Amino acid sequence: MYYVGIDLGGTAIKVGLVDENGNIIEKISADTGAKRENEEIFKDMAKLSRDVCRKAGVSYDEIESIGLATPGLVQGDVIRFANNLGFFDLDAGKMLGEMTGKKVYVGNDANLAALGEALCGGGKGASSVAMLTLGTGLGMGIIIDGAVYVGANGGAGEFGHTIVERNGHPCSCGNKGCLECYTSATALVRMTLDAMKEHKESEMWKMCGGNLTKVSGQTAWRARDTGDKTAEEVVDMYTDYVSIAIANAVNTLQPEVVLIGGGVSNEGENLFSILRKKAGSMMYANKTSVKQAEIKRATLGNKAGMVGAAMFAKTGGKTA
Ligand SMILES: [Zn+2]
């Protein structure tokens, strides 16, 4: 049997035909058109689910069930609220189930991406995984014994909105000083720009050709490679915060593995060697022989949502 894993985003609908082991056999995608009626988006997801089977030459009858990864707060198979898609109290499982003729399981996208990584990616084989995604924000997913921890109301894992600085940087959630304001790729860019404005001599100015709109999450890393002192300070501050995030997660949850994903994780060992050292030194009882959480890189990239959604369907929407 096969599963269809749908990763519904604000800009694209990605649909994968996934086998029982989490391998993507075939995939297709289409624009979300987020401003459309809810039902139109769902009709497209139903059509794409059949299309991906046709493209792979697999009979639609061989689809056991469908998993849907969506932004927003999910309770059961109901999307309570997804601001970027205009979903409000939408019974997504029922609607897509009727359109596809399959049982549909619905979960939050960050949680299901973490599930995909935990079962089939960087966390494969670990009994418990906390995944942090360093992207536009700071995403988190907590996986315990192959199931997503969703909390009493479905909203668990908003680790990015734990507050680490009193009266700190304003966050999109309305609070100030949230962890994601210091650990996201967005934050890294802000730190880079702030440092450049203070240090006109920095190599980073040459790297962006004097054009601040060209500054990215890679600018400080590349300048640091050349020995630029300002860039080194930016990387030092940013990795301090990411390490605090990791250590806070570890000291709260003690997962077997912490996975780091998102664009920033593409720095590879450049980044991970620093995180292991800094976060390792902040883990409780790190000077004892007690085994500490392993910090590893996520491996599925932008396929994690599709794989996780399919695996969520395979486990019958099991949550912890
Ligand atoms: Zn926040």
Side-chain angles (χ1 to χ4, degrees), residues 7-11 34 69-75 79-89 107-115 117 129-143 148-195 215-217 220 234-253 255 258-265 271 275 278-279 282 295 298 304-305 308:
D7 186 359
L8 173 62
T11 53
T70 170
L73 179 66
V74 179
Q75 285 183 329
I79 304 170
R80 289 292 173 205
F81 180 61
N83 59 306
N84 56 349
L85 294 169
F87 294 167
F88 186 72
D89 283 343
N108 169 271
D109 52 1
N111 285 344
L112 296 195
L115 182 67
E117 285 286 353
V129 171
M131 176 158 157
L132 303 180
T133 304
L134 313 175
T136 313
L138 172 68
M140 184 196 233
I142 304 161
I143 310 300
V148 187
Y149 180 73
V150 296
N153 66 358
E158 291 299 340
F159 187 57
H161 299 289
T162 54
I163 296 168
V164 290
E165 294 281 1
R166 180 176 177 268
N167 287 327
H169 200 270
C171 181
S172 59
C173 75
N175 285 332
K176 283 180 185 171
C178 289
L179 190 52
E180 91 168 20
C181 297
Y182 305 91
T183 55
S184 61
T186 315
L188 174 56
V189 172
R190 186 190 74 237
M191 290 172 186
T192 305
L193 289 169
D194 287 351
V215 170
S216 74
V234 171
V235 166
D236 192 39
M237 175 161 65
Y238 178 70
T239 55
D240 270 358
Y241 278 112
V242 175
S243 299
I244 287 169
I246 293 170
N248 286 355
V250 168
N251 291 340
T252 306
L253 301 166
V258 176
L259 286 178
I260 308 292
V264 181
S265 70
L271 168 73
L275 297 182
K278 286 186 178 179
M282 290 184 251
I295 301 168

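One-based numbering, in listed order, for ligands and for the atoms of each. Computed from a predicted model, the values in this text were never measured in an experiment.
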Checking Asn108 side chain against Gly72 main chain: does a donor-acceptor pair fall under 3.5 Å?
-> yes
State, to the nearest 10 degrees, the angle whose vertex is the Zn ion (ligand 1) and whose arms point to SG of Cys173 and SG of Cys178.
-> 110°
Might you point out which heavy atoms bring Leu134 and Thr183 nearest each other, and give the distance in Å?
-> CD2-O, 3.5 Å
Decide, counting backbone as well as side-chain atoms, whether Cys181 has an N, O or S atom less than 2.8 Å from the Zn ion (ligand 1).
-> no
Do Glu180 and Tyr241 have a side chain donor and acceptor closer than 3.5 Å?
-> no
Is it the case that Arg190 places NZ or CZ above or below the six-membered ring of Tyr238, under 6.0 angstrom from the centre and within 45 degrees of the axis?
-> no
Atom nearest to the Zn ion (ligand 1) - His161, N, O or S atoms considered | ND1
